[in-house]
Enquirer: 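The structure that follows is given in the form of structure tokens.
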Amino acid sequence: MNERERVLCERLRAMESAETAEWLISEYPMGSKNWGEALVRIPHRSWGKPEQWSLARHYFGKVPYASAKPYEVFAQIMPPSRMAQVLDEFIPPSEPDKQLLLYHLYKVLAHSNVASQSVSVEVIALLAKLGVSASNNSLQAWRP
């Protein structure tokens, strides 16, 4: 992280959670050339639950992504069950897009602590909508 980035992250950590979320969304709106910079900044502070929802709804509005990075970022700041609830609002209609979402999301979930724990109802429901069925509630038993 260069000096400019470090100063900006310190400034963002000094703001209230709601103020920071609003700033990120206005400074890096979805669809802008630099929206991905928000993904660099999001993990550098803790977020209140309403701001987690707000940021996730804003940046998940364009799923699926061609990489796992956006899902990884949100897996760092919010529980998998909450992330699944937000993603459930944005399930793409086409089967290829669902498969792309599942491909990256599954990797994120498998590498998180979710893989060794019981999977929440929300994660199970989301994966089912993406075409994954399971005989139990352990992510280790699932394969997309």
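Excluded from the calculations below are hydrogen atoms, water molecules and symmetry mates; all remaining heavy atoms, backbone and side chain alike, are included.
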Enquirer: Mark yes or no for whether N2, through its side chain, and E5, through its backbone, hold a donor-acceptor pair below 3.5 Å.
Expert: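 Yes; judged by distance alone, with no hydrogens or angles, the pair exists.
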Enquirer: Is R41 positioned over the aromatic face of W23, cation under 6.0 angstrom from the ring centre and no more than 45 degrees off axis?
Expert: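 The answer is no, since R41 fails at least one limit relative to W23.
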Enquirer: Any side-chain heavy atom of K62 sitting closer than 4.5 Å to one from F90?
Expert: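 Result no, sub-4.5 Å side-chain heavy-atom pair not found.
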Enquirer: List in chain and number order the residues that pass ring pair (Phe, Tyr, Trp, His ring centres under 6.0 Å) with W35, two or more places apart in sequence or in another chain; answer none if no residue qualifies.
Expert: Y65
Enquirer: Determine yes or no for a side-chain-to-main-chain donor-acceptor pair under 3.5 angstrom, with R13 supplying the side chain and H44 the backbone.
Expert: yes
Enquirer: Would you say the side-chain atoms of W47 pair up with the backbone N or O of M78, donor to acceptor, closer than 3.5 Å?
Expert: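 Absent.
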Enquirer: S17 pairs by side chain to side chain donor-acceptor pair (under 3.5 Å) with which of K49, E51, E22?
Expert: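 Single side chain to side chain donor-acceptor pair (under 3.5 Å) partner of S17 among K49, E51, E22: E51.
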Enquirer: Under the rule for ring pair (Phe, Tyr, Trp, His ring centres under 6.0 Å), what residues qualify as partners of W53, not counting sequence neighbours?
Expert: none
Enquirer: Applying the side chain to side chain contact (heavy atoms under 4.5 Å, CB included) test to H104, which of L102, V108, L100 qualifies?
Expert: L100
Enquirer: Considering only residues two or more places apart or on different chains, which pairs with a residue in residues 67-86 satisfy side chain to side chain donor-acceptor pair (under 3.5 Å)?
Expert: Q52-R82
Enquirer: Less than 4.5 Å apart, any side-chain heavy atom of I91 and any of L126?
Expert: yes
Enquirer: Do you know the tightest heavy-atom contact between I77 and P43?
Expert: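 Closest heavy-atom pair between I77 and P43: CG2-CA, 4.1 Å.
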